[in-house]
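Taking it in order: structure first as structure tokens, then the write-up.
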Amino acid sequence: MMKKTVLVIGGGGREHAIVSALGRSPQVGKIYCAPGNAGIAQEAECVPLKDTDVEGLRAFALEKRVDLTVVGPEAALAAGVADAFRAAGLKIFGHTAAATRIESSKEFAKHLMQRYGIPTADYRSFSDYEAALSYVLARPFPAVLKYDGLAAGKGVVIAADADEARAALKDMLLDGSFGKGKVVVEDFLTGPEFSFMCFVDGKRVYPMPLAQDHKRAFDGDKGPNTGGMGAYTGLPFITEEDREFAFREILCRAADAMCSEGCPLSGVLYGGLMKTPQGIKVIEFNARFGDPETEVVLPLLESDAYEIFSAVAAGAETAGPRWREAVTLGVVLASKGYPGAYEKGFPISGLENVRAHVCHMGTAVREGRLVTAGGRVLMVVAEGADIAAARDKVYAEIAGIDCPNLFYRNDIAYQALEMADN
Ligand code: AMP
Ligand code: GLY
């Protein structure tokens with residue numbers, strides 16, 4: 001059998017996990033990753049192309065006769081990388097730019113949910129500052145304000161009072177910090193959040209294990225929102241009935257809705273969900289694998305990753321992925337200061353002795369030494385018979401990593417562990 005050549009687009013922890021999963025496939029020969037990072041470079045050949053350099057990526061894939069391309073970041077999808085590859089006859093796992101609007105436009109997503117009866121917070125959208133402000137001031141606080149467009153996870157403000165709301169709306173609608181756009185104002189919901197990712201090919205939807213991310217920077221869910229500081233699988237607060245409801249009424253319904261709208265999905269649909277007292281509701285949809293959820297979910301994939309990605313990309317029938325019955329937990333090590341300003345270039349040592357999986361999120365090699373090169377730097381992932389076992393293992397291994405400029409949360413999976421104690 002001719003081994004397959006694959007290209008993974010992106011260069012974070014999520015892409016490291018995708019590269020590792022593809023590397024376990026007996027069908028895969030060569031793996032390229034653009035742009036990759038220092039950890040990915042140990043498992044794939046890194047190519048210095050930006051994830052949004054659509055033309056450069058397409059030319060590279062044609063030249064290297066890449067059999068399958070897998071896209072990590074939403075920016076690449078929103079830039080039309082999947083459209084361009086398909087137009088050139090290349091097989092690619094990832095949605096068209098039109099389908100990516102389910103993530104890139106909050107208004108598109110909210111409208112879709114309303115139209116197809118997918119449970120989510122009630123909302124209104126505004127492009128005028130005064131109109132938005134008077135609407136918000138007439139409602140109870142906290143107010144949830146979402147910038148309508150890709151804002152790298154920084155487009156959501158939960159304003160506690162009128163002053164915070166005024167400042168956020170000014171930022172989003174008057175100062176143009178994110179570009180010209182609209183703001184969605186929605187009801188404030190409460191309850192535990194979880195991430196439900198599915199492989200989607202048109203109307204075919206294949207669920208992945210549920211995961212929970214930890215978005216705030218510090219212990220006890222304090223501090224600013226980040227891209228995610230840790231994640232785990234095996235959520236005790238989501239029943240089988242909850243999962244079934246979310247699968248049918250949210251993920252499958254959204255996949256059908258996108259077909260009806262003429263922009264079928266082909267890749268990953270990520271439901272950022274909340275279990276509220278009024279039932280499970282959508283906080284957001286993403287059109288891609290979650291980061292850091294992917295780093296804890298893909299290690300559980302028992303099926304051949306190439307086969308699954310390839311079938312979804314080709315629109316072919318598949319038996320669907322099989323998953324192992326274990327629990328995984330991962331903790332992110334981030335640069336001090338993240339998600340605000342931080343410095344790079346600090347040496348990292350001790351990784352060779354870590355007996356857990358280490359996904360590189362933002363690393364580079366300078367003068368032969370591994371150094372920090374991003375806000376989120378590493379994620380240490382372990383598997384266990386239960387969450388407490390996986391947690392103990394991860395924190396024990398992190399203690400062996402030496403880098404003066406990293407910090408991490410000490411309480412990943414606290415909601416699940418509190419439940420287990422009671
Ligand atoms: P998003 O980028 O849409 O996932 O929002 C970031 C975070 O803001 C979410 O993970 C939630 O914790 C919070 N959030 C977003 N929308 C709401 C809402 N309607 N009610 C309460 N919290 C929300
Ligand atoms: N972990 C949240 C995200 O990937 O958007």
Side-chain angles (χ1 to χ4, degrees), residues 10 12-15 17-18 71-75 77-78 100 102-110 113 119-125 136 139-160 164 168 172 178 183-197 208 210-217 221-233 267-278 280-298 330-332 334 339 359 361 375-376 379 409 412 415:
R14 164 181 57 205
E15 289 75 21
I18 293 170
V71 187
E74 65 276 21
L77 296 169
T100 303
I102 198 165
E103 168 168 5
S104 61
S105 166
K106 299 273 185 207
E107 198 187 19
F108 175 87
K110 292 299 281 191
M113 288 187 261
T120 188
D122 285 338
Y123 77 104
R124 275 188 60 184
S125 66
V136 167
R139 289 162 40 94
F141 283 95
V144 181
L145 312 173
K146 300 189 173 186
Y147 178 73
D148 187 34
L150 292 176
K154 299 193 181 99
V156 177
V157 172
I158 314 280
E164 281 185 32
M172 292 175 178
F178 301 109
V183 168
V184 169
V185 181
E186 65 177 42
D187 289 350
F188 179 74
L189 304 176
T190 54
E193 289 180 63
F194 61 104
S195 309
F196 194 168
M197 300 190 287
M208 301 187 213
L210 302 179
Q212 191 183 43
D213 182 12
H214 295 61
K215 291 203 167 131
R216 301 297 202 98
D221 289 329
K222 300 276 185 331
N225 257 321
T226 69
M229 295 297 293
Y232 65 101
T233 62
V268 173
L269 178 62
Y270 165 127
L273 311 180
M274 190 184 268
K275 183 172 174 170
T276 78
Q278 291 77 39
I280 295 180
K281 298 197 180 190
V282 178
I283 294 290
E284 64 166 349
F285 280 124
N286 290 327
R288 50 162 177 90
F289 280 110
D291 193 354
E293 290 92 333
T294 305
E295 292 92 313
V296 293
V297 167
L298 279 186
V331 175
V332 172
C359 286
M361 305 183 92
R376 293 187 294 175
M379 181 168 180
R409 277 182 63 159
I412 297 306
Q415 289 178 337

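Whatever order the structure lists them in is the order used to number ligands and atoms, beginning at 1.
Taking the charged nitrogens against the carboxylate oxygens, Arg14 and Glu295 have no contact shorter than 4.0 Å, which rules out a salt bridge. Using a 4.0 Å cut-off between charged side-chain N and carboxylate O, Lys215 and Asp221 make no salt bridge.
Where the criterion is an N or O separation shorter than 3.5 Å, residue side chain and backbone included, Asp187 meets it with respect to ligand 1.
Between Val136 and Leu145, some side-chain heavy-atom pair lies under the 4.5 Å cut-off. Contact check for Tyr270 versus Glu284: side-chain heavy atoms found under the 4.5 Å cut-off. Counting heavy atoms from C-beta on, the side chains of Leu210 and Met197 never come closer than 4.5 Å. Counting only heavy atoms from C-beta outward, the side chains of Met229 and Arg216 never approach each other to under 4.5 Å.
The proximity of Ile158 to ligand 1, defined as any non-hydrogen pair under 4.0 Å, is limited to the side chain. Contacts between Val144 and ligand 1 below 4.0 angstrom, taking non-hydrogen atoms only, involve the side chain exclusively.
Ser125 and Lys110 are not linked by any side-chain donor-acceptor pair at a separation below 3.5 angstrom, with hydrogens and angles left out of the test. Side chains of Glu193 and Gln212: no donor on one and acceptor on the other come within 3.5 Å.
Applying the side-chain contact (heavy atoms from CB on, under 4.5 Å) criterion to Thr276, with sequence neighbours excluded, gives Leu189, Met274, Gln278, Lys281.
Distances below 4.0 Å separate heavy atoms of Lys146 from the following atoms of ligand 1: 3 (O), 15 (C), 16 (N). Taking every heavy atom of Val156 and a limit of under 4.0 angstrom, the matching atoms of ligand 1 come to 1 (P), 2 (O), 3 (O), 5 (O), 8 (O). For ligand 1, the atoms lying closer than 4.0 Å to a non-hydrogen atom of Phe188 are 20 (N), 21 (C). For ligand 1, the atoms sitting less than 4.0 Å from at least one non-hydrogen atom of Glu186 are 16 (N), 17 (C), 18 (C), 19 (N), numbered in the order shown with element in parentheses. Residue-ligand proximity, Lys215 to ligand 1, at heavy-atom distances under 4.0 Å covers atoms 4 (O), 10 (O). Residue contact check: Lys106 has heavy atoms under 4.0 Å from atoms 3 (O) of ligand 1.
Between the choices Val282, Leu189, Ile283, the shortest heavy-atom distance to atom 17 (C) of ligand 1 belongs to Ile283. Distances from atom 10 (O) of ligand 1 to the heavy atoms of Glu193, Lys281, Glu103 show the closest one on Glu193.
Proximity of a side-chain donor or acceptor of Glu293 to a complementary backbone N or O of Ser195 within less than 3.5 Å is not detected.
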Mind listing the N or O contacts between ligand 2 and protein, cut-off under 3.5 Å?
residue	atom	partner	partner atom	Å
ligand 2	1 (N)	Asp213	OD2	2.8
ligand 2	1 (N)	Asp291	O	3.1
ligand 2	1 (N)	Glu293	OE1	2.8
ligand 2	1 (N)	Glu293	OE2	3.2
ligand 2	4 (O)	Arg288	NH1	3.0
ligand 2	4 (O)	Asp291	N	2.9
ligand 2	5 (O)	Asn286	ND2	3.2
ligand 2	5 (O)	Arg288	NH2	2.8

Worksheet item: When you look at Val296 and Tyr232, which way does the side-chain contact (heavy atoms from CB on, under 4.5 Å) test go after all the steps?
Response: CA-CA 6 Å; Val296 293; Tyr232 65 101; 5.6 Å; no

